[in-house]
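Right, one structure below, let's go through it.
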Protein chains: 2
Amino acid sequence: MPIGLQSELLRDRRNVELLSLLRDDPRMGTAELARRVGMSAPAVRERVMRLEEAGIIVGYRLELNPAALGYPVCAYVRVRPAPGQLPKVAELARRLPQVVECHRVTGDDCFVLKIHLPALDRLDEVLDQFLAHGQTTTSIVQSTPVPLRGLPLPD
Amino acid sequence: MPIGLQSELLRDRRNVELLSLLRDDPRMGTAELARRVGMSAPAVRERVMRLEEAGIIVGYRLELNPAALGYPVCAYVRVRPAPGQLPKVAELARRLPQVVECHRVTGDDCFVLKIHLPALDRLDEVLDQFLAHGQTTTSIVQSTPVPLRGLPLPD
DNA sequence: TATGAAACACACTGAGT
DNA sequence: ACTCAGTGTGTTTCATA
């Protein structure tokens with residue numbers, strides 16, 4: 001079900017238009033979508049379902065304010081595991097709820113993690129756990145010139 | 001309207017339950033939410049609207065498959081701007097559609113960017129532009145032990 | 001694949017507690 | 001702040017082109 005750019009579905013302009021509309025408002029209903037693309041509601045429903053089942057639409061997300069949840073501080077942590085500790089690091093990242101994202105990457109550091117904290121002085125709690133399995137480098141987020149955004153759609 | 005953990009709204013268990021339900025399915029309708037929390041639909045709607053207006057619910061997102069859009073490669077790029085080039089880097093990040101995220105951070109490197117590419121051999125196109133304003137360090141994402149996930153809710 | 005009609009469910013409003 | 005009830009839409013299925 002994962003897909004390449006060769007997906008026939010994305011060669012159809014109306015599908016792309018539906019994605020564009022849904023991106024602007026993921027909760028837009030079938031009827032409204034149908035009006036805007038000039039089709040009947042059942043047809044639109046069918047198309048959106050196909051886009052979901054093809055894995056082009058991965059899902060719908062609720063975006064919450066981390067600060068409101070008590071995690072106003074955000075940081076990136078790179079982890080360079082000690083020999084043999086690589087799986088332990090991934091495991092630990094999975095287990096810690098403060099870790100909202102963890103990627104295995106090329107380069108001197110093997111992992112890039114994004115974490116959220118209630119305060120800066122709670123950073124050590126997290127780092128200490130990773131330091132048991134390797135070295136860490138931390139970059140605290142000061143501001144966000146480009147907040148998470150979508151990639152361009154075809155055409 | 002941004003909010004701290006002291007938000008009264010999050011001290012109410014039913015609000016937290018609503019957030020939890022909406023996190024599992026952001027397109028769940030008012031009626032369904034109402035059934036699950038044992039309240040009337042208008043009451044639920046009122047609560048969700050408050051959560052939105054308070055900035056606790058930041059928004060709803062459509063998550064698309066980058067590979068399906070023709071961007072199967074993901075990388076983190078750290079940029080260390082040359083003296084005086086700092087605003088240029090942020091500007092450039094904003095302008096490039098491959099950049100899906102850009103943060104100003106502490107540490108030797110001033111920016112962390114997340115980028116998506118159609119192929120590995122298209123990395124230079126992006127890096128060259130940043131290299132005009134400073135140094136870059138690139139980490140290509142090989143796998144993702146923890147895909148983007150939400151923070152824990154109160155209680 | 002698409003549409004149109006029909007049955008059903010939902011969202012929204014206003015009045016009342 | 002919540003419920004209840006009424007109205008207008010929206011959603012979904014099915015038959016059909």
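Owing to the predicted nature of the structure, the values given are computational and were not obtained by experimental measurement. Sequence lines set the chain letters: A, B, ... in the order given, protein chains first and strands last, and positions in each chain run from 1. Side-chain atoms are counted along with the backbone in the values below, which use heavy atoms only and exclude waters and symmetry mates.
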Next item on the list: For the helix from C:dT1-D:dA17 to C:dT17-D:dA1, figure out the bend between the end axes, five pairs an end, and round to 10 degrees.
Entry: 30°
Checklist line | Spacing of B:Leu10 atom CG and B:Leu51 atom CG [to the nearest 0.5 Å] | finding: 7.0 Å
Notebook entry, point to check: Any donor-acceptor pair under 3.5 Å linking the side chain of B:Thr106 with the backbone of A:Ile140?
Noted result: yes
Notebook entry, point to check: Going 5' to 3' along DNA chain D, which nucleotides are the first and last within contact of chain A (any atom under 4.0 Å from a heavy atom)?
Noted result: D:dG10 to D:dT13
Next item on the list: At the 4.0 Å heavy-atom cut-off to chain A, mark where contacts on DNA chain C begin and end, going 5' to 3'.
Entry: C:dT1 to C:dG4
Notebook entry, point to check: Charged N to carboxylate O below 4.0 Å: is that the case for A:Arg47 and A:Asp12?
Noted result: yes
Notebook entry, point to check: For the residue pair B:His103 and A:Tyr76, is the inter-centroid distance of their aromatic rings smaller than 6.0 Å?
Noted result: yes
Note to self: Using a heavy-atom cut-off of 4.0 Å across all strands, would you classify A:Ala43 as base, sugar-phosphate, or nothing?
What the structure shows: base
Next item on the list: Looking at every strand, decide which applies to B:Ser40 at a 4.0 Å heavy-atom threshold: base, sugar-phosphate, or nothing.
Entry: base
Check: Does the distance from a Lys or Arg side-chain N to an Asp or Glu carboxylate O, for A:Glu91 and A:Arg94, drop under 4.0 Å?
Finding: no
Margin query: Ignoring hydrogens, what is the shortest heavy-atom contact between B:Arg61 and A:Leu148? Give both atom names and the distance.
Written below: NH2-O, 2.9 Å
Check: Between A:Arg23 and B:Glu63, is there a side-chain N and carboxylate O pair less than 4.0 Å apart?
Finding: no
Next item on the list: State plainly whether the residues A:Arg35 and A:Glu32 are in salt-bridge range, i.e. N to O under 4.0 Å.
Entry: yes
Next item on the list: May I ask you to say whether B:Arg50 pairs ionically with B:Glu53, meaning some side-chain N is under 4.0 Å from a carboxylate O?
Entry: no
Next item on the list: Output yes when a side-chain donor or acceptor of B:Asp25 lies under 3.5 Å from a complementary backbone atom of B:Arg27, and no otherwise.
Entry: yes
